[in-house]
Amino acid sequence: MALVAGVDSSTQSCKVVIRDAETGALVRSGRASHPEGTEVHPKHWWTALEEALAQAGGLDDVAAVAVGGQQHGMVVLDEQGEVIRPALLWNDSRSAPAARDLIAELGDPVTEDTPRSGDGAAAWAQAIGSVPVASITVTKLRWLRDAEPENAARVAAVALPHDWLSWRLAGYGPGSDLTTLATDRSDASGTGYWSPFTEDYRRDLLVLGLGHDAVLPRVVAPWEAAHVVDRPGGPLLVGPGAGDNAAAALGLGMRSGDVALSIGTSGVVSAVASEPIADPSGMVTGFADATGRYLPLTATLNASRVLDAAARMLGVDHAGLSALALSAPAGAEGLVMVPYLEGERTPNRPEATGALHGLRLANTTPANLARAAVEGMLCGQADGLDALRAQGVPVERIQLIGGGAQSEAVRRIAPSVLGLDVSVPAPGEYVADGAARQAAWVLAARASGAGEGSTHPAWEATSVEVHRSPAVPAVREQYAAVRELTGVRPA
Ligand SMILES: Nc1ncnc2c1ncn2[C@@H]1O[C@H](COP(=O)(O)OP(=O)(O)O)[C@@H](O)[C@H]1O
Ligand SMILES: O=C(CO)[C@@H](O)[C@H](O)COP(=O)(O)O
């Protein structure tokens, strides 16, 4: 029995699954926490990966491994391959002004002979499928160029969390040739300097952000080993890996019409598509997936942590928050939470704060506050679903995953807010599972020599619990009425 390993190096933790390559059966697993904060030194991800792998019994008997990871994080390396400074994560909003600058600059006429449209957002959408916001790597590089020019000048290579971890797993690190870095198209598509239309880097946009060229990880095919590690017992194949949302799509076996709603630190609504998407409004990002298709998605900065914060405010645990929310009527008697606790990315409001609206003596109860938190968070995701539909993405089935899917209130209230049945797959680590599935694909493609003609293994589908309840449009209506009425965070 050949074993494969999948890793999810996500915002809050690192999860490892080890599965039978043939059947997909779970054999072992492990997990370790990441530090808090939106700026994290990659060495902490490595320590967490080592700890989670040790818990999962290690890789000695594993034939192939792949890493799925939080997207966009800026890992900058010097000539020696040393990390120059802690990585700015996808949810670090300090590069919001840099995003605005980059959008304006791509819209500027370059010379009289080469006029541009004047619409920088449209120009970015046409170039890379997405309009930059503070989450996108290129904006973080621009921030580095402006705020820490000495560090920017030292940058010899730029990597992402998953490709840096894959590099370390393959035994590379300080002193290694930087051109051994490798990544996949799904994570490359979230950098702001890779085009889903040409399947190639846009080095001009890297230079626009960072101020100079640098080594970028080689983009390998979905079935190709990024690294092959020689070991006495046989080689360890390291797959190309993927961005976490693309890995989840692979783990769920998503097809056209399927939509994943992930309630982790980020709230992500994503779908697989056969053609790339370019949304100049910036609501939908036109990313690539981990199979050769595309993964249009919306991502909010505020999801599971809205529930964490509401539970903290109410002095209850997650089960308590859920029970309270379910004991209140739909609409929380007019109490509405706009959940921009971390600013927001979709819609692009990095400087916003959250707000509670409709407070009256009659409705200020713990139950209504809990309900308003769950509904407000879900209304943000419902807006994302609408944005996907507006791009022509078919929405037939919604699968709810991520840590927030463990909340009974989220599972039961989601259908009434989204206006659709919600399928909840059996509790699991779908990002790590997708990475494991990719590892099995790489292993099989190498054994058969099939390469491009190969497909990922057809592992048995997990059981699914379907939640149904009638749509309650009033919940979204009262949210939409106050969505713009938020505060501005102090400078
Ligand atoms: N029963 C629950 N109800 C609500 N939220 C939960 C529950 N269990 C875990 N969470 C939340 O899920 C989040 C972790 O989910 P996860 O998908 O692993 O996040 P990430 O991928 O961003 O690291 C945490 O914020 C945690 O508090
Ligand atoms: O920025 C994005 C997607 O564009 C986020 O989805 C990150 O990839 C982090 O994911 P989680 O750790 O919250 O699952």
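One-based numbering, in listed order, for ligands and for the atoms of each. Quick note: numbers below take in every heavy atom, side chains included, and nothing from hydrogens, waters or symmetry partners.
Between W90 and ligand 2, no N or O atom pair is found at a separation short of 3.5 Å. Between Q70 and ligand 2, a contact under 3.5 Å exists for no N or O pair. Close N/O approach between S266 and ligand 2 is found [any backbone or side-chain N/O within under 3.5 Å]. Distances between N or O atoms of R31 and those of ligand 1 include no value under 3.5 Å. Between R305 and ligand 1, not a single N/O pair is under 3.5 Å apart.
Against a heavy-atom cut-off of under 4.0 Å, G402 is close to the following atoms of ligand 1: 17 (O). Listed by number with element, the atoms of ligand 1 under 4.0 angstrom from any heavy atom of S304 are 11 (C), 12 (O), 13 (C), 24 (C), 25 (O). Every atom of ligand 1 with a heavy atom of D308 under 4.0 Å away is listed here by number and element: 24 (C), 25 (O), 26 (C), 27 (O).
No part of Q70 comes within 4.0 Å of ligand 1, judged by heavy-atom distances. At a heavy-atom cutoff of 4.0 Å, ligand 1 is contacted by both the backbone and the side chain of Q12. Under 4.0 Å from ligand 1, heavy atoms of T11 appear from its side chain as well as its backbone.
A distance-only check finds no donor-acceptor pair linking the side chain of R345 to the backbone of T300 [under 3.5 Å].
For atom 12 (O) of ligand 2, the nearest non-hydrogen atom of the protein is T11 OG1, 2.5 Å. Protein heavy atom in closest approach to atom 22 (O) of ligand 1: T265 OG1, 2.4 Å.
Aromatic ring pairs are classed by plane angle as parallel below 30°, tilted from 30° to 60° and perpendicular above 60°; the pair W46 and W164 is perpendicular.
Here the shortest heavy-atom distance to atom 2 (C) of ligand 2, taken over R345, R305, Q12, H34, belongs to R345. Counting heavy atoms only, S10 comes closest to atom 20 (P) of ligand 1 of the residues S266, S10, A309. When A405, G403, S407, A311 are ranked by how near their heavy atoms come to atom 6 (C) of ligand 1, first place goes to G403.
Annotation: side chain of D163 is not in contact with side chain of V75 (no heavy-atom distance under 4.5 Å). Here the side chains of S274 and R293 are not in contact, with every heavy-atom distance at 4.5 Å or above. Contact annotation: the side chain of L400 approaches that of R411 to within less than 4.5 Å [non-hydrogen atoms, C-beta and beyond].
Geometrically, R185 does not engage F287 in a cation-pi contact defined by less than 6.0 Å to the ring centre and at most 45° from the axis.
Between D119 atom CG and I103 atom CD1 the span is 9.5 Å, to the nearest 0.5 Å.
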Stepwise, does the salt bridge (charged side-chain N to carboxylate O under 4.0 Å, His left out) test hold for R389 with D386? CA-CA 5 Å; R389 284 197 185 98; D386 283 352; 3.2 Å; yes
